[in-house]
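Report on the structure given below.
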Amino acid sequence: MKISVRVPATSANIGPGFDTMGIAFPLYNTVTIEETVMPGSGVIIELVSDYNYKDKALLEQVPRDNTSIVYKAVELLYNSIGQTPGELKITINSKIPMTRGLGSSSSVIVGALIAANELLGKPADESALLSIATELEGHPDNVAPAILGGAVFSSVQPDGSVVYRKLPWPKDWKLTACVPDFELSTNIARSVLPKDVPMSDAIFNTQRFGMFIYSVYTHDSKLMKLALDDKLHQPYRMHLIPGLSEIMGLLRYEDDVLGCVISGAGSTILLITENDGREKAKSVVKSVWNDHNIKADLYDFDVENEGAKIIV
Ligand code: HSE
């Protein structure tokens with residue numbers, strides 16, 4: 001038996017929603033798991049990438065043994081029903097740029113879990129899969145939209161379960177992922193964050209996340225522009241993305257530009273615009289990064305409302 005699962009890329013945080021908010025977009029990794037008939041071969045992991053510039057070298061460094069997150073995902077699922085994985089071949093077809101804040105690792109965790117779950121006759125439901133994926137990833141903001149599609153907020157409860165809801169992202173709020181040619185590992189981007197934050201910063205984010213949710217429901221662009229700010233992670237990560245503070249400064253007062261935020265842990269910058277704002281914002285990013293000798297791919301996208309999907 002062979003199962004392939006296609007999983008969308010995701011952009012997490014979206015300003016004030018650190019470790020909480022995420023949005024899916026139409027760029028996909030595919031994870032295929034097949035049972036092999038070679039006794040003793042264990043779990044074989046293969047990676048294929050269509051994404052080229054620096055990622056070929058990155059691909060070489062991805063573990064293919066039992067330290068791989070894909071292996072761990074499959075093992076956790078098997079263990080949850082008292083089994084261990086037998087002879088399996090796992091193939092990852094990677095189209096999502098790696099270590100750029102686009103949910104590449106979440107996508108393979110989710111893909112492996114859903115494929116293994118299907119092979120095992122679906123012992124886990126959606127929320128159980130989400131809890132396992134969150135345990136592996138450490139936070140739910142990428143894995144939730146990767147499973148569900150759309151714009152999703154999620155919250156980890158004290159018992160490890162995840163509460164999540166999809167929000168009605170307005171169609172005319174356009175998204176652009178500006179993906180630079182340099183990597184930024186989530187471990188490094190999390191290591192620069194403080195263990196504690198001032199109460200005033202926690203209040204700042206709570207206020208803005210309230211505005212964020214309300215503005216999505218009421219399609220209030222003015223309110224969203226005020227909401228897309230953050231004091232929990234962006235100020236600490238700003239120096240890891242050359243030109244970012246300049247880009248944010250230049251875009252802050254532009255009409256039709258609702259915001260410019262770090263996508264996940266970076267290095268991608270996510271632009272949220274309406275009407276004529278998109279081209280204006282993109283030219284600012286291109287020009288500032290050009291001054292810093294940073295090459296980038298800019299992807300315009302609509303929210304992918306479909307989450308992970310079994311395709312074979
Ligand atoms: N919320 C996470 C972070 C997403 O910003 O560190 C990255 O995986």
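Just the heavy atoms: all of them, side chains too, but no hydrogens, waters or symmetry mates, feed the values below. If you're wondering where the values come from, they're calculated on a predicted model, not measured in any experiment. Order of listing sets the numbers, starting from 1, for every ligand and every atom in it.
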Donor-acceptor pairs under 3.5 Å, side chain of residues 254-264 to any protein atom, not counting sequence neighbours: which ones?
{"residue": "Glu254", "atom": "OE1", "partner": "Lys280", "partner atom": "NZ", "Å": "3.4"}
{"residue": "Asp256", "atom": "OD1", "partner": "Asn275", "partner atom": "ND2", "Å": "3.2"}
{"residue": "Ser263", "atom": "OG", "partner": "Ser11", "partner atom": "OG", "Å": "2.8"}
{"residue": "Ser263", "atom": "OG", "partner": "Gly101", "partner atom": "O", "Å": "2.7"}

Do Tyr214 and Tyr217 make the cut of ring centroids closer than 6.0 angstrom? no
Tell me, which residues have any heavy atom less than 4.0 Å from some atom of ligand 1? Asn13, Phe18, Asp19, His139, Asp141, Asn142, Thr186, Arg190, Arg237, Gly264, Ala265
Considering non-hydrogen atoms only, spot the tightest contact between Ser267 and Trp289 and give its length. O-CH2, 4.3 Å
Closest approach of Asn29 and Ser107, non-hydrogen atoms and distance? ND2-OG, 2.9 Å
Quick test of your reading: applying ring pair (Phe, Tyr, Trp, His ring centres under 6.0 Å), list the pairs with at least one residue in residues 1-22, sequence neighbours left out, ordered by first then second residue. Phe18-His233
Using a 3.5 Å cut-off and no angle test, enumerate the donor-acceptor pairs between side-chain atoms of residues 120-129 and protein atoms at least two apart in sequence or in another chain.
{"residue": "Asp125", "atom": "OD1", "partner": "Ser127", "partner atom": "N", "Å": "3.4"}
{"residue": "Asp125", "atom": "OD1", "partner": "Ser127", "partner atom": "OG", "Å": "3.4"}
{"residue": "Asp125", "atom": "OD1", "partner": "Ala128", "partner atom": "N", "Å": "2.9"}
{"residue": "Glu126", "atom": "OE1", "partner": "Tyr164", "partner atom": "OH", "Å": "2.9"}

